[in-house]
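First up is the structure itself, then whatever we jot down about it.
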Protein chains: 2
Amino acid sequence: MTEKDAGAPGLARLAGLIADETRAACLLALLDGRAWTAGELARHAGVAASTLSEHLGKLVAGGLLAEERQGRHRYVRLADDRVAQLVEDLAAQVAPDAAARRPRTLRASSAGSAMARGRTCYDHLAGRLGIAVTDALTGRGLLRQDTGFALTDAGLGWFDAAGIPLRPTGRRPLARACLDWTERRPHLAGVAGAALCRHALDAGWCVRIGSERAVKVTSAGERALSRLLDIGAAALR
Amino acid sequence: MTEKDAGAPGLARLAGLIADETRAACLLALLDGRAWTAGELARHAGVAASTLSEHLGKLVAGGLLAEERQGRHRYVRLADDRVAQLVEDLAAQVAPDAAARRPRTLRASSAGSAMARGRTCYDHLAGRLGIAVTDALTGRGLLRQDTGFALTDAGLGWFDAAGIPLRPTGRRPLARACLDWTERRPHLAGVAGAALCRHALDAGWCVRIGSERAVKVTSAGERALSRLLDIGAAALR
DNA sequence: CGCACGGTTCGGCGGGCACCGAAGTGTGGC
DNA sequence: GCCACACTTCGGTGCCCGCCGAACCGTGCG
């Protein structure tokens, strides 16, 4: 047995955690970056609370989820951005199938279109909103996508000028491409993507719709995006 | 049910393909970027040929492997670089466990150390060799890692001057970070990483050791790396 | 204090799937 | 044409695991 074989059991175990439909539904739901209670997830996934409790135990033990107990509630969220990226990458790999299918009901279609317009993807912006921002940054020479994916010096200046501080943390990259699964194109993730999303929500550029991942750009947000990045309102609809 | 639920079955199915230890061993073996026969994989994984045949059927049907039939042989390889990246990412997530464990036998230790010195990771260089090249590129301002991961204009010029053409293909990024699972640091992947690895093998900078993924830097390779990137021999040992 | 409620534990059930060996199919060599 | 060989197909077996309901535990509210 060569050395790499040692990785096979671990790889299979990790994949096995995601390989269950109920657990997969939980992970996708948690991609909104927030903490859910066990009960919410059970209802969301359509299984008994007892069943979901066992699933959460496995996901936490496997290091995919972090838990936080408050009173009689058990809150769980994705352990870190690495896990979020992993789930996102796996989902993107599947997306070609999903894109072929069209939503059936009007309600699902409407919810889907709101999600397609703009949403959060763990801690950064995605959907057409995320793409529009990423494209605008690229078009103005602030983000370089032709030889990889990195902010330029001008890009660092733009964040500074916009009053969005970029604090480098540990080993998380400042900028990273995240493949959007509705638009099928890369958008800005990493520290810069998270900071931008945070700022957009804090400054009221956009607001969450209900309790979903979908977000809506406000009129103040439209003005700010137009002023700072010359993004037209048409690109956001 | 919201629109994102549609992704859960697909996600679970994809993960399920990797969630079996035998299939995981196949995928890891195929990370060397070459095509293996069904028999080789069966022996490698330690299962009956019939068992492995079924596994290959699933992996091919799931789009993870591409097959090529030649006479009475069935060759399979990873379907594309996206799949390779996915497996690599999953393996990297598991690596913290593997790093804690030390190889037991001397033979495994020796094989492991050759792998750690230098190896191919799908179609680019990894191990200390890959890290040394990536660090050298970064140190000379040819590759930018501080604000993401992208070649600089000077970097494009270096590839051109070195006689390594970079043909942009479809949507595959020119430069991408791949997390090394022995060194725990990012190294150059993507079109540029593949071209560099290809050139290194073609120009005799390094040669494969036996039929393994491990590669050894030749004396001609040491001279070339020293001349082009000022990499000292010490960094390769 | 007692009830309601969120979460967990346990036993039991059922389905799915990885495995093997044996028989079958097709290719290539002698 | 025959045999060797690589791979595949087919039954059969056994294990693993996801599911539920029921009983249990702790928190918080009235």
Side-chain angles (χ1 to χ4, degrees), chain A residues 1 5 7-30 34-62 64-77 211, chain B residues 1 5 7-30 34-62 64-77 211:
Chain A
M1 303 286 169
D5 286 303
L11 176 56
R13 216 171 339 110
L14 172 59
L17 285 176
I18 313 174
D20 177 79
E21 197 166 318
T22 299
R23 286 195 294 266
C26 292
L27 291 171
L28 287 176
L30 289 165
R34 292 178 297 175
W36 291 49
T37 69
E40 285 171 341
L41 285 173
R43 251 167 286 124
H44 175 82
V47 297
S50 58
T51 300
L52 201 116
S53 177
E54 291 168 4
H55 286 310
L56 289 187
K58 291 178 187 182
L59 289 171
V60 170
L64 293 185
L65 299 188
E67 67 180 346
E68 198 171 338
R69 297 181 122 99
Q70 259 176 41
R72 56 183 174 185
H73 290 280
R74 179 196 209 178
Y75 285 96
V76 292
R77 54 186 161 72
S211 62
Chain B
M1 304 286 167
D5 286 304
L11 176 56
R13 215 169 344 108
L14 173 59
L17 285 176
I18 313 175
D20 176 79
E21 197 166 318
T22 299
R23 286 195 293 267
C26 291
L27 290 170
L28 287 176
L30 289 165
R34 292 178 297 175
W36 292 49
T37 68
E40 284 170 342
L41 286 173
R43 249 167 288 125
H44 175 81
V47 296
S50 59
T51 300
L52 201 115
S53 177
E54 290 167 6
H55 286 311
L56 289 188
K58 291 179 187 181
L59 289 171
V60 169
L64 293 185
L65 300 188
E67 67 181 345
E68 197 172 337
R69 296 181 121 100
Q70 259 176 41
R72 56 185 173 182
H73 290 281
R74 179 195 208 178
Y75 285 96
V76 291
R77 53 187 161 71
S211 61

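Here is the naming used below: chain letters follow the sequence lines, and residue numbers restart at 1 for every chain. No experiment lies behind these values; they were computed from the predicted model shown. What's counted below: heavy atoms across the whole structure, side chains too, no hydrogens, waters or symmetry copies.
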Heavy-atom pair with the smallest gap, counting every atom of A:L52 and A:A38: CD2-O, 3.5 Å
Bounds of contact between DNA chain D and chain B, in 5' to 3' order, using a heavy-atom cut-off under 4.0 Å: D:dA4 to D:dC10
Here the gap from B:S50 atom OG to B:H55 atom NE2, rounded to the nearest 0.5 Å, amounts to 9.5 Å
Measure across A:W36 and A:R34 and return the closest heavy-atom pair with its distance rounded to 0.1 Å. CD1-O, 3.6 Å
Please tabulate, for the side chains in residues 14-22 of chain A, all donor-acceptor contacts under 3.5 angstrom to protein atoms that are two or more places apart in sequence or on a different chain.
unit_1 : atom_1 : unit_2 : atom_2 : d
A:D20  : OD2    : A:T22  : N      : 2.9
A:D20  : OD2    : A:R23  : N      : 3.1

Locate the shortest heavy-atom distance separating B:L30 from B:V76; write the atom from each residue and the value. CD2-O, 3.4 Å
Side-chain N,O (A:R74) to OP1/OP2 (C:dG6) below 4.0 Å: no
What's the CG-P distance between B:D20 and C:dC20, to the nearest Å? 11 Å
Taking only side-chain nitrogens and oxygens of A:R69, does any of them come within less than 4.0 Å of OP1 or OP2 of C:dG6? no
Which whole-number value in Å describes the distance from A:W36 CH2 to C:dG6 C1'? 17 Å
For B:A8 against A:A24, the heavy-atom pair lying closest together: O-CB, 3.7 Å
With side chain to side chain contact (heavy atoms under 4.5 Å, CB included) as the criterion, how do B:E67 and B:L56 come out once you've worked through the C-alpha distance, each side chain's angles and the decisive distance to 0.1 Å? CA-CA 9 Å; B:E67 67 181 345; B:L56 289 188; over 6 Å; no
Spacing of CG belonging to A:L65 relative to CZ belonging to A:R74, to within rounding of 0.5 Å: 9.0 Å
Sorted by number, residues from residues 48-56 of chain A placing a heavy atom under 4.0 Å from DNA chain C are A:A49, A:S50, A:S53, A:E54
Separation of B:E68 atom CD from C:dT27 atom P, in whole Å? 16 Å
Round to the nearest Å and state the distance from A:E21 atom CD to C:dG16 atom P. 13 Å
